[in-house]
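Proteins come first, then strands; the chains are lettered A, B, ... in the order of their sequence lines, and each starts at number 1. FYI, side chains are in, hydrogens and waters are out, and symmetry mates aren't considered; it's all heavy atoms of this structure.
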2 protein chains.
Amino acid sequence: MLNVVALLKEKSLTVTPQRVEIVTLLSTHQHINVDELYALLYASFPSVSLATVYKNINIMLKKLLLSEVQIPNKKNVYEIMKAEHSHVVCLECNEILDLTINTSELLEAAELQSGFSIDTSSLIFCGTCASCTKS
Amino acid sequence: MLNVVALLKEKSLTVTPQRVEIVTLLSTHQHINVDELYALLYASFPSVSLATVYKNINIMLKKLLLSEVQIPNKKNVYEIMKAEHSHVVCLECNEILDLTINTSELLEAAELQSGFSIDTSSLIFCGTCASCTKS
DNA sequence: CTCTGTGCAAAGCGTTTGCAAACGA
DNA sequence: TCGTTTGCAAACGCTTTGCACAGAG
């Protein structure tokens, strides 16, 4: 169980009830988009504003508390920052899974091939999950 | 040199001067975003509309004449469809290079790990190019 | 008490849509 | 000629902004 208040303080963010709930929701829904987050947050704070959600996502991205996952043709989703990993998305049911695929060798190959010095990489697979394949 | 008219016909697209110029521009600018494409197109067709650019990009994506590259925090760029490959982007000067990195082993690993059947993958590296590193 | 965050409404930006006229085959 | 494309303007959806008030430290 994540200590949300400690995490906010660690990232130098003022602790507000809205923020605590946002981070709690993110920790219980591994990948969530802005609208889903707003809808869930609304259950606890019926007066909450979408602007608050956006402002908080942006500041948490800047503080590296969150990371953003861009999925082709879908809304961006957000997850609590953790070790680098890749994602696989089901195009039918939108399920998203983390994958522990090591991209470090690829990264070296990419640096060699391009002459760039590379900071970040993003790897995402799109397809159909096991249960959608069956049906 | 690409035969643009033949390519349009092959993809069952009506040949119009605007389309010919759009595909020609795409073939001479490997990675280009909507605004850049519009600006270049405007040089030949001062009456052209942004809507025409969008409509054509969308239909060419659907016909698999083009593919879209999503770069974190930047505008999408478009390229003429070719064999699957990955990209590296310089965050300072926005240069984009194609990389011939083989993701097929990764794809198998991803299928195994997730139980998904995977159709497409996207791999993008962000960093700094050689000349921006020097300066 | 001071500074930051929240909620609201409006603005901003990129993209899509509907329609009439122009054009391709 | 008939069906498609173009250009225009309006609409749309998502995100950001400015401001006054409320809340955190």
The side chain of [X] lies closest to which of these nucleotides: [options]?
X       : options              : value
A:Gln18 : C:dA25, D:dC8, C:dT6 : C:dT6
A:Ile59 : D:dT4, D:dG7, C:dG5  : C:dG5
B:Asn56 : D:dC14, C:dG7, D:dT6 : D:dT6
A:Ala51 : C:dA9, D:dG7, C:dT16 : C:dA9

Rounded to the Å, how far apart are [X] [atom1] and [N] [atom2]?
X       : N      : atom1 : atom2 : answer
A:Asn58 : D:dC14 : CG    : C1'   : 12 Å
A:Lys63 : C:dG5  : NZ    : C1'   : 13 Å
A:Met60 : C:dG5  : CE    : C1'   : 11 Å
B:Glu21 : D:dT6  : CD    : P     : 13 Å
A:Phe45 : D:dA22 : CZ    : C1'   : 14 Å
B:Asn33 : C:dC13 : CG    : C1'   : 14 Å

When you compare the side chains of B:Ser104 and B:Glu84, does any donor N or O come within less than 3.5 Å of an acceptor on the partner?
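Looking only at side-chain atoms, B:Glu84 and B:Ser104 do not form any donor-acceptor pair under 3.5 Å.
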Can you find a side-chain donor-acceptor pair between A:Ser44 and A:Glu21 that sits under 3.5 Å?
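On atom types as modelled, these side chains qualify, holding a pair under 3.5 Å.
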Nearest-nucleotide 5' precedence on DNA chain C, A:Pro46 against B:Lys75:
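Nearest nucleotide further toward 5': that of A:Pro46.
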When you match A:Leu13 and B:Val15 each to their closest nucleotide on DNA chain C, which lands nearer the 5' end?
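Closest to the 5' end, via its nearest nucleotide, is A:Leu13.
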Taking any heavy-atom pair under 4.0 Å as a contact, classify [X]: base, sugar-phosphate, or nothing.
X       : result
A:Lys55 : base
B:Thr52 : base
B:Pro17 : sugar-phosphate
B:Asp35 : nothing

Does a sphere of radius 6.0 Å around NZ in B:Lys9 hold more than 12 heavy atoms from other residues, nucleotides or ligands, not counting ones at 6.0 Å or beyond?
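It does not: B:Lys9 NZ has 12 such atoms or fewer within range.
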Over 12 foreign heavy atoms within 6.0 Å of OH, B:Tyr42
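Open.
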For [N] and [X] - does any side-chain N or O of the residue sit under 4.0 Å from the phosphate oxygens OP1/OP2?
X       : N      : answer
B:Thr14 : C:dG24 : no
A:Ser47 : C:dG7  : yes
B:Thr16 : D:dT6  : yes

Is B:Val88 close to A:Gln113 at the side-chain level, that is, under 4.5 Å between some pair of heavy atoms?
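Of all side-chain heavy-atom pairs linking B:Val88 with A:Gln113, none is under 4.5 Å.
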